[in-house]
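The next block holds one structure in the form of structure tokens; read it before the comments.
Scope of the values below: all heavy atoms of this structure, side chains included, with no hydrogens, waters or symmetry mates.
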Amino acid sequence: MEEDFARAVEDGLKLSKRLLLPGGAPPPRPVLGMDRAGLPDVASLLPTAPMAYAVVVDPAAVDSPDVPSYQPHVYGRLDPPALIPLHMREVDLAVDCAAAGCAAAEVTVRARWWVHCITRSRDCHCRIVVPMGEKVTVGKRSYKTHVIDVEDQGAVKTAKTESGGLLKRQFFSLTIPQVGGGEDIFATIRWSQNLLYDNGQFSVDIPFQFPQYVNPLPKVFMKKEKIQLTLNSGVSKEVFLKGSSHPLKERSRQGEKLSFFHEAVVENWSNKDFTFAYSVYSGDLSGGMLVQPSTLRDYDDRDMFCIFLLPGNNQKRKVFRNAAVFIIDTSGSMQGKPLESVKNAMYTALSELVQGDYFNIITFNDELHSFSSCLEQVSEKTIENAKEWVNANFIAEGGTDIMHPLSEAIALLSNSHSALPQIFLVTDGSVEDERNICHTVKEQLATRGSKSPRISTFGLGSYCNHYFLRMLASIGKGHYDAAFDTGSIEGQMVQWFQKASSTVVTNISIDATKYIREFEVDSEYIQDISAKCPLCVSGRYQGKLPETLTAKGYLADMSEISIELRVQHVKDISLDKVLAKQQMDLLTAKAWFYENNQLERKVVKLSIQNSIPSEYTRTVLLQTVVEKIEQGKQKPKKNSTQNEQSATSLNGLTLGFGDTAATRENLSAGFGNTKAPERFEMFDKAVGCCSRLADCCCCMCFINTCSKMNDRCAIVMVQFCGALSCLACFECCSLCCGGCHQICKPHLIPEE
């Protein structure tokens with residue numbers, strides 16, 4: 001998938017050499033990395049910032065819209081089409097970093113691209129590739145992504161079923177049809193992403209690295225770069241700024257809210273990602289509680305809360321010793337890069353175990369294999385033996401059976417030698433009895449009480465049921481994570497293991513129920529506090545809270561700790577938006593587990609309210625025709641209603657609930673299956689035409705029999721047949737020299 005996209009961009013860059021830009025200057029030469037074979041590096045052609053591409057099917061349409069290059073005519077069609085990166089005229093970046101506990105950033109990018117590579121007499125589809133699209137305007141047409149209920153069939157009528165999807169899990173691909181050469185594309189792009197946390201420091205990293213070939217000529221266009229950042233720490237403690245990739249000036253500081261701004265005329269657009277780091281003074285464990293009243297459009301009339309607990313940067317704070325059992329899927333679908341990446345991550349995880357820890361390794365497919373019959377104490381010798389065992393036994397073959405190794409691991413941890421029992425499950429498949437597995441594990445853990453094993457889960461690819469894995473982790477007070485492309489497996493697995501194995505406080509409880517009767521947490525249970533990440537607990541409550549609450553838990557020496565939580569009624573932070581994705585994921589997992597329609601409806605309302613795709617809604621691309629008014633502004637046509645708007649369904653934006661059929665057949669782990677459909681309407685017609693050519697005597701005679709037919713005749717015939725789908729075969733033939741007319745006429749399809 002990535003290789004196909006990079007190859008299309010490479011073809012587009014080659015085509016762009018035909019252009020003659022204003023002033024007679026040739027297009028800038030792209031600087032591409034090379035791999036060992038001397039071919040362009042795939043990574044260098046993948047988007048590292050919001051990008052727009054002209055989708056070129058007919059190379060003859062490639063020309064400057066202002067200054068014709070008078071290049072030789074190019075015959076033929078491109079299948080798959082080439083992608084020419086469009087010149088970017090404007091870009092603004094706005095980042096809103098919300099509360100330390102929520103650890104999320106709302107990102108807005110406003111950009112304007114110019115279709116500089118298509119002659120004004122032609123048009124083409126344009127593809128925008130971004131983390132998540134919100135609104136796009138092209139000439140007199142406005143496009144906006146819109147979430148609708150799958151059960152509401154009358155909400156919007158969709159004419160097509162494909163216009164975009166996920167290029168990679170991090171990137172959203174959106175296709176805008178029929179954009180004229182020389183037109184501008186205005187886009188407002190919004191998405192949210194988690195803040196990174198490391199040793200008491202928060203940071204945000206936003207893709208903002210634009211390649212050289214999207215820069216228009218400086219003499220023609222003045223490039224002005226704007227960046228603004230708002231930080232609302234959510235705590236009364238002092239905030240320390242740690243650094244920024246771009247020069248930011250502090251604009252204001254009002255209590256817990258800080259504002260920064262950068263604006264400058266630049267020669268080239270940003271060639272590095274935007275990063276910003278800060279820390280909140282916290283020598284030890286601390287926390288707080290943010291509350292927000294429900295709104296009129298809210299799905300729940302109870303007030304919302306977010307409790308955050310920060311581990312601080314106390315280097316003397318002891319971490320729990322671990323008794324870890326690794327359960328690794330080695331079924332046939334793990335063959336190749338996925339299993340190699342898991343193996344490398346396992347080497348790292350084993351190396352990070354310390355004296356006093358215990359461990360064991362279980363591999364499973366149709367059968368179960370264990371490194372040892374009991375928990376092994378960590379030593380140089382046992383770790384070396386374990387690595388040798390991993391190298392010899394991580395062989396991809398057989399099917400998938402999850403319940404058996406889970407039961408075996410829980411039994412192994414019945415005696416955890418006073419260490420914190422931990423289960424790490426890694427799988428790429430989905431099985432039939434997943435709900436039963438959750439119920440069984442929940443019952444087994446309940447009998448163990450506070451000493452029950454923590455279960456952390458990691459999903460590989462798109463075939464496993466990520467909501468099952470999330471629910472299993474929630475039941476086990478563990479951590480869930482996933483990798484959707486093979487290149488990120490090893491790094492994400494290591495981070496996931498480090499979070500789960502760095503516990504500093506266990507068995508967290510909140511004393512809110514002493515003051516109010518209704519206090520509901522979104523997750524099944526409250527996680528332990530890890531030294532590697534803050535803990536965020538969201539939910540709903542009804543009643544009047546006191547000024548402070550108390551969170552209690554147990555430290556590694558089994559002494560009890562109390563953390564004071566100051567209740568803050570927030571106005572500057574939209575908790576409903578910041579927490580929407582987290583709530584939807586947790587509620588969807590609950591709805592799947594309990595098969596609860598009421599929870600499904602909550603997810604639907606959250607999805608529509610926040611314009612976030614879900615498993616129970618669908619996302620469409622709405623087109624509104626905009627007309628000019630006297631003042632030169634634009635407005636939607638008065639007669640256009642939602643039902644009259646052109647809507648195109650966007651597919652592949654959600655995870656689904658696993659693919660048991662693909663798991664049974666041991667299909668590869670579902671990496672790269674989120675690719676957006678590559679076919680366009682014109683190709684559908686062309687294929688339909690080609691499929692009928694064998695049955696159309698006229699066309700076959702025209703190609704094979706006509707001795708006077710030249711190349712021009714053939715090209716004209718093929719192009720028109722593709723466009724008209726052979727509906728007017730006689731008109732196609734009449735455009736040629738006419739030498740075959742007498743031969744073809746007896747075989748023409750009669751008119752209806």
Side-chain angles (χ1 to χ4, degrees), residues 5-6 8-34 40-56 62-67 69 82-94 108-120 124 126-131 136 138 171 176 179 181-189 206-228 245-247 262-275:
F5 183 88
V9 175
E10 183 188 2
D11 292 341
L13 292 173
K14 291 177 181 177
L15 272 177
S16 66
K17 295 178 181 179
R18 293 171 50 88
L19 301 175
L20 184 65
L21 299 179
R29 282 184 171 273
V31 180
L32 302 179
M34 296 290 177
D41 182 18
V42 170
S44 68
L45 295 173
L46 294 178
T48 53
M51 294 277 290
Y53 302 87
V55 182
V56 179
V62 177
D63 205 345
S64 171
D66 296 324
V67 183
S69 60
L83 299 176
I84 299 181
L86 297 182
H87 283 178
M88 189 169 67
R89 288 183 168 180
E90 296 176 12
V91 62
D92 295 347
L93 172 65
T108 302
V109 175
R110 291 180 177 86
R112 177 162 69 111
W113 290 280
W114 176 42
V115 185
H116 71 288
C117 54
I118 302 296
T119 183
R120 288 194 183 273
C124 69
C126 287
R127 175 176 295 180
I128 297 177
V129 182
V130 291
V136 181
V138 183
F171 289 99
I176 306 298
V179 183
E183 288 189 351
D184 284 342
I185 300 175
F186 296 83
T188 300
I189 305 153
I206 296 168
F208 205 59
Q209 183 177 350
F210 297 97
Q212 178 68 26
Y213 44 76
V214 304
N215 288 295
L217 291 176
K219 294 181 180 179
V220 181
F221 300 107
M222 183 182 70
K223 295 183 281 294
K224 184 177 288 187
E225 187 177 73
K226 295 181 182 179
I227 300 175
Q228 60 181 23
S245 59
H246 294 65
H262 162 69
E263 182 174 1
V265 176
V266 295
E267 184 176 346
N268 294 307
W269 296 121
S270 171
N271 60 1
K272 55 187 175 182
D273 290 342
F274 174 77
T275 59

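- Atoms CD and CG, from Glu90 and Asp92 in turn, are 7.0 Å apart once rounded to the nearest 0.5 Å.
- The pair Arg120-Asp66 counts as a salt bridge, with a side-chain nitrogen and a carboxylate oxygen less than 4.0 angstrom apart.
- Residue Asn268 holds its CG atom at 4.5 Å from CD of Gln212, rounded to the nearest 0.5 Å.
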Decide yes or no on side chain to side chain contact (heavy atoms under 4.5 Å, CB included) for Lys272 and His246, but give the supporting numbers first.
-> CA-CA 9 Å; Lys272 55 187 175 182; His246 294 65; 3.9 Å; yes

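- Here CD1 of Ile176 is found 11.5 Å from SG of Cys124. Values are rounded to the nearest 0.5 Å.
- Rounding to the nearest 0.5 angstrom, the gap separating the CG atom in Leu93 from the OG atom in Ser270 is 9.0 Å.
- Closest approach of Glu10 to Leu45, counting heavy atoms only: CB-CD1, 3.9 Å.
- With rounding to the nearest 0.5 Å, the separation of CH2 in Trp269 from CE in Met88 is 5.5 Å.
- With hydrogens and angles ignored, the 3.5 Å screen pairs a side-chain donor or acceptor of Lys223 with a backbone N or O of Pro216.
- Checked for salt-bridge contact, Lys224 and Glu263 meet the test: a charged N lies under 4.0 Å from a carboxylate O.
- In this structure the side chain of Val130 never reaches within 4.5 angstrom of the side chain of Val109, judged on heavy atoms.
- Exactly one residue among Tyr213, Trp113, Phe5 makes a ring pair (Phe, Tyr, Trp, His ring centres under 6.0 Å) with Tyr53. That residue is Phe5.
- Distance check: Met51 CE to Ile128 CD1 gives 11.5 Å after rounding to the nearest 0.5 Å.
- Closest heavy-atom contact between Pro85 and Leu83: CD-O, 3.5 Å.
- Shown here for Val115 and Pro65, the closest heavy-atom pair between the two residues is O-CG, 3.9 Å.
- Side-chain N or O atoms of His262 include one that pairs as donor or acceptor with a backbone N or O of Pro247 at under 3.5 Å.
- Ring geometry, Trp114 versus His116: the interplanar angle falls from 30° to 60°, so the pair is classed tilted.
- Under the 3.5 Å distance criterion, the side-chain polar atoms of Asp273 are matched with a main-chain donor or acceptor of Phe208.
- Partners of Arg89 under the salt bridge (charged side-chain N to carboxylate O under 4.0 Å, His left out) rule, at least two apart in sequence or in another chain, are Asp184.
- Judged by distance alone, with hydrogens and angles left aside, the side-chain atoms of Thr119 form no donor-acceptor pair with the main-chain N or O of Asp63 at under 3.5 Å.
- A pairwise comparison of heavy atoms in Ala82 and Gly12 identifies CB-N, 3.7 Å as the closest pair.
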